[in-house]
Student: 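First the structure, which I've put down as structure tokens, then a few questions once you've had a look.
Chain identifiers are assigned alphabetically (A, B, ...) following the order of the sequence lines, protein sequences preceding nucleic acid strands; residue numbering begins at 1 within each chain. A quick note: this is a predicted structure, and the numbers were derived from the prediction, not measured.
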Amino acid sequence: MDRDIDDDALPSLYRPSTILPISRHKRALLYTIETTPITILIGETGSGKTTQLPQYLDEAGWTKNGKMIACTQPRRVAATTVAMRVAEEMGVRLGEEVGYSIRFEDSTSPRTKIKYMTDGMLLREILVDPLLTKYSVVMVDEAHERSISTDLLLGVLKKIRRKRKDLRIVISSATLQAEEFLHFFTCSEEDEKEIQTLEKGQELARIVSVEGKVFPVDILYLESPAEDYVEKAIETVYDIHLKEGPGDILVFLTGRSEIDHAIDKISSLTSQLPSRSPQLLPLPLYAGLTTEQQLYVFEPAPENHRKVILSTPISEASVTVPGITFIIDTGFHKIRSYNPHTCISSLTVTPISQASATQRAGRAGRTKPGKCFRLYPESAFLSLPVSTIPELQRSDLAPVILQLKALGVDNIARFHFPSAPPPELVARALELLYTLGALDSYGKLTRPFGLRLAELPLPPPLAAIVLSSIDHNCHQQILSIASMTSVSSSIFLDHADSAKLTASKKRNFTADEGDHLTLLNVFLAFSSQPEKKKARWCHDNALNHQSLLRAASIRTQLARFLERWYPDLGSRTSSLATETTIRKCLVKGLFPFAAKMQPDGSFRLAGDTRSANGNRGEEQGKVYVHPSSVLFNRKAEWVVFQQLEEARGKRYIREVTKVQREWVVEAGGGYYTVGEKKR
DNA sequence: ACCCTACCA
């Protein structure tokens, strides 16, 4: 590895933009974009692509005639912080020439020329402006992360560009995936035809590379695989502490329990160190912590201490901890996958990809040279997949397909995805959407129901519940429930030290009918607190204040949709809706997810005919109420649920509500009998 | 009788 350090060793933030690596490529880049419809930009961290390229395009005249440059990001924080930085560089006020647009926050004006936004936000704009007429260039940043919305956006952009030959597309990608994107934009028959029509020397898509500006990171491997990567990581922390020079350590683990365990171990090791020698300061970092708790990792370590940050992959791309010298990469992460046959999603510890490993190593070396300890042999690295399987190929596709239908894509099989999803996932999603009434028997979006379902920013079953709440006169309560379930995982704070407290506080809100009404109770209690006392009240009740505020924003946004569709809504009162009405309404969207209690206290999924006579599928057919549910260890003959998850070989249902069999049959309108006949 | 990685509208 090249160990030379360049003379301009300034932190990127303070480096004048003229000496950013990308500035050397300015003219060539502008020429390529001018002459090539699709540019694939390989630019590593520190190249300045995200902040500089939109400015170059603006200078070069791409914002004339009132057109804008869009730059999409997979995350909200990135969209806002980059916009702030660029506004500052250009000496304009944020929200004027340079702005951003994310859910709940639109900081743009009619004068905006450069717009940073989440890719999900641009997809929503396409619903209203199908040809993106306001934009001259769309830059899709961090496309190599292959999130669902990025992939969907790429597919849709490919179609839009056919009808808008003046539109320029820039895809920014890490090295390893650039060829795949090139292939995606040039491989179809239509592409071939278009390439035939191009003038000599012209291309449909081209890869351009801009080198990054980072410090060297030494990569070290194990001789042989580690037996237990958590223990090995703890051991390595200790080794670094004793044998290496000063500098903080960042350890990548897969989840909270591993992190808690490692912190305990390191703390006890630290207490055995001689009191005058340098100490270790272990700190956790994962999304489940409140922002306040996350902030500790940004504070400099006290005198005579070395910070050890034990993190989930949140610090792979989303959170940048400054000043890290040593990386410990265990080589694993948890990923969600979805089984189309059982509709069960599971979260499994899986080896990372080479791309992730490279990304992790790069988290050192941002301000000075670093070292990365990979807790696996080099041969194992070489046999890792080049990149992680795109989310679209392992997720519930109902929301994706609903959105495509709303964008006018009727033939899903012929839609060109960057990576085609398995046909079973597509079939399963179509079936659910048909069952909910969003599609007719020809697979066309129903109107207005299906279209409205697509417009609501909720998972399709929940959107269906919200729409039917109007007929049930319980929209006030359902809006609160839908908003709460959108953030439900983070409502109740339960850290290792206060788990019992949380459990006892939670009891104050518990509704016998189940989790949905419990969430409603929490929301109503929160809303009734005076504005100034809300934060304190949340703290006292072991509730996450930020999550509740977010739920309140979501509720306001959802209510606006209903007001638009039902102008007389204000005159309808739903304050008197009973628990039964609310539960019947929940069944209108959750009937495909019903289960019946068995004598042993487990549940069997409705429509699952396997285990009735006790043959081979018996244990596999069982599901259990998750311990986080208020119905855990409670009696309930029939329930509906929102999530089905597998963990350690056992299946759990979460967000569970007691219902009656007749409601399920009525809402399902023959769904289950049809299902049985088919089998 | 036990835990949710990360992220978007």
Student: With the side chain of Glu391(A) defined as its heavy atoms from C-beta on, choose the nearest nucleotide among dC4(B), dA6(B), dA1(B).
Tutor: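 Taking heavy atoms from C-beta onward, the closest nucleotide is dA6(B).
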Student: With nearest nucleotide decided by heavy atoms, which residue, Leu456(A) or Ser628(A), maps closer to the 5′ end of DNA chain B?
Tutor: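 Looking at DNA chain B, the more 5' nearest nucleotide goes with Ser628(A).
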Student: For the pair made of NE2 in His333(A) and P in dC4(B), what is the distance, rounded to whole Å?
Tutor: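 About 17 Å, once rounded to whole Å.
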Student: Please give me the minimum heavy-atom distance between Asp410(A) and Lys405(A), naming the atom from each residue.
Tutor: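 Looking at all heavy atoms of both residues, the closest pair is O-NZ, 2.9 Å.
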Student: Kindly point out which of dA1(B), dC3(B), dT5(B) is positioned nearest to the side chain of Tyr652(A)?
Tutor: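 Closest nucleotide to the Tyr652(A) side chain: dC3(B).
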Student: Is there a side chain to side chain donor-acceptor pair (under 3.5 Å) between Tyr652(A) and Glu646(A)? Walk through the geometry before answering.
Tutor: CA-CA 6 Å; Tyr652(A) 295 98; Glu646(A) 195 171 78; over 6 Å; no
Student: Figure out the CG/P separation between Leu285(A) and dT5(B), and round it to whole Å.
Tutor: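 Rounded to whole Å, this separation is 13 Å.
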Student: Within the structure, does a side-chain N or O atom of Lys334(A) lie under 4.0 Å from either OP1 or OP2 of dA6(B)?
Tutor: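 No, Lys334(A) has no side-chain N/O under 4.0 Å of OP1/OP2 on dA6(B).
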Student: Kindly point out which of dA9(B), dC7(B), dC3(B) is positioned nearest to the side chain of His626(A)?
Tutor: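 Closest nucleotide among those given: dC3(B).
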Student: So which heavy atom on Pro54(A) is nearest to which on Cys71(A), and how close?
Tutor: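 What the structure gives for the nearest pair is CG-CB, 4.5 Å.
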Student: When the distance from CZ of Arg654(A) to C1' of dC2(B) is rounded to whole Å, what number comes out?
Tutor: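 Rounded to whole Å, this separation is 10 Å.
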Student: Could you tell me the separation between the CD1 atom of Ile554(A) and the C1' atom of dC8(B), rounded to a whole number of Å?
Tutor: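 Answer to the nearest Å: 11 Å.
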Student: Between dA9(B), dC8(B), dA6(B), which nucleotide has the shortest distance from any of its atoms to the side chain of Ile102(A)?
Tutor: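 Closest nucleotide to the Ile102(A) side chain: dA9(B).
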Student: Assign Arg336(A) to base, sugar-phosphate, or nothing according to its heavy-atom contacts below 4.0 angstrom with the strands shown.
Tutor: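 It contacts base atoms.
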Student: Across the strands shown, which category fits Glu645(A) at heavy-atom distances under 4.0 angstrom: base, sugar-phosphate, nothing?
Tutor: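 Here Glu645(A) touches the bases of the nucleic acid.
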Student: Students often get this wrong, so: under 4.0 angstrom with heavy atoms, is Arg124(A) touching a base, only sugar-phosphate, or nothing?
Tutor: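 Base contact - Arg124(A) has a heavy atom under 4.0 Å of at least one base atom.
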Student: State whether Arg76(A) places a side-chain N or O below 4.0 Å from either non-bridging phosphate oxygen (OP1 or OP2) of dC7(B).
Tutor: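 The answer is no; no side-chain N or O of Arg76(A) sits under 4.0 Å from OP1 or OP2.
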Student: Quick check for you: among dA1(B), dC7(B), dA9(B), whose closest atom lies nearest to any side-chain atom of Met121(A)?
Tutor: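 Closest of the options to the side chain of Met121(A): dA9(B).
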Student: Let me spell it out: for each of Thr254(A) and Pro457(A), pick the nucleotide of DNA chain B with the closest heavy atom. Which residue's pick is nearer the 5' end?
Tutor: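 In this pair, the answer is Thr254(A).
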Student: Quickly work out the Leu458(A) CG to dA9(B) C1' distance and round it to whole Å.
Tutor: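 Taking CG of Leu458(A) and C1' of dA9(B), I get 9 Å after rounding.
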Student: What contact category does Pro313(A) fall into here, base, sugar-phosphate, or nothing, at under 4.0 angstrom with non-hydrogen atoms?
Tutor: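 Nothing: the residue Pro313(A), judged by heavy atoms under 4.0 Å, touches no strand.
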Student: For residues 116-123 of chain A, dump all side-chain donor-acceptor pairs below 3.5 Å to protein atoms at least two apart in sequence or in another chain.
Tutor:
unit_1    : atom_1 : unit_2    : atom_2 : d
Tyr116(A) : OH     : Thr50(A)  : O      : 2.8
Thr118(A) : OG1    : Met121(A) : N      : 3.4
Asp119(A) : OD1    : Ser149(A) : OG     : 3.2
Asp119(A) : OD2    : Thr150(A) : OG1    : 2.6

Student: Name the closest nucleotide to the Thr312(A) side chain, picking from dC7(B), dT5(B), dA9(B).
Tutor: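 Per side-chain heavy atoms of Thr312(A), the pick is dT5(B).
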Student: For a quick check of understanding: with a heavy-atom distance under 4.0 Å over all strands, which category does Leu347(A) fall into, base, sugar-phosphate or nothing?
Tutor: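 Here Leu347(A) touches the bases of the nucleic acid.
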Student: Measuring to OP1 and OP2 of dC7(B), would you say a side-chain N or O of Ser149(A) lies under 4.0 angstrom away?
Tutor: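 Negative; the distance criterion is not met.
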Student: Within this structure, what is the OH-to-P distance between Tyr286(A) and dT5(B), rounded to whole angstrom?
Tutor: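 Answer to the nearest Å: 9 Å.
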Student: Are Arg452(A) and Tyr566(A) in a cation-pi setup, meaning NZ or CZ lies under 6.0 angstrom from the ring centre and within 45 degrees of the ring axis?
Tutor: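 Geometry flag: set, cation within 6.0 Å and 45°.
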Student: Among dC3(B), dA6(B), dC4(B), which is the nearest nucleotide to the side chain of Gln643(A)?
Tutor: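 It is dC4(B).
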Student: Can you say whether the rings of Trp565(A) and Phe561(A) are parallel (under 30°), tilted (30 to 60°) or perpendicular (over 60°)?
Tutor: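 Tilted, since the angle between the ring planes falls between 30° and 60°.
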Student: Looking at the side chain of Phe632(A), which of dA9(B), dC7(B), dA1(B) is the nearest nucleotide?
Tutor: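 Of dA9(B), dC7(B), dA1(B), dA1(B) is nearest to the side chain of Phe632(A).
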Student: Of the listed nucleotides (dA9(B), dA1(B), dC7(B)), which one gets closest to any side-chain atom of Asn633(A)?
Tutor: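 Closest nucleotide among those given: dA1(B).
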Student: In whole Å, I'd like the distance from the CZ atom of Arg394(A) to the P atom of dC7(B).
Tutor: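 Distance check: Arg394(A) CZ to dC7(B) P gives 14 Å.
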Student: What's the closest nucleotide to the side chain of Ala287(A) if the choices are dA9(B), dA1(B), dC7(B)?
Tutor: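 Closest of the options to the side chain of Ala287(A): dC7(B).
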Student: Give the rounded distance in Å between these two atoms: CG of Leu154(A) and C1' of dC8(B).
Tutor: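 It works out to 15 Å between those atoms.
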Student: Within the structure shown, what part of the strands sits under 4.0 Å from Thr118(A) by heavy-atom distance: base, sugar-phosphate, or nothing?
Tutor: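 Since only primed, P, OP1 and OP2 atoms lie under 4.0 Å of Thr118(A), the category is sugar-phosphate.
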Student: Nearest 0.5 Å, please: how far is CD in Gln403(A) from CD1 in Ile148(A)?
Tutor: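 Here the rounded value is 10.5 Å.
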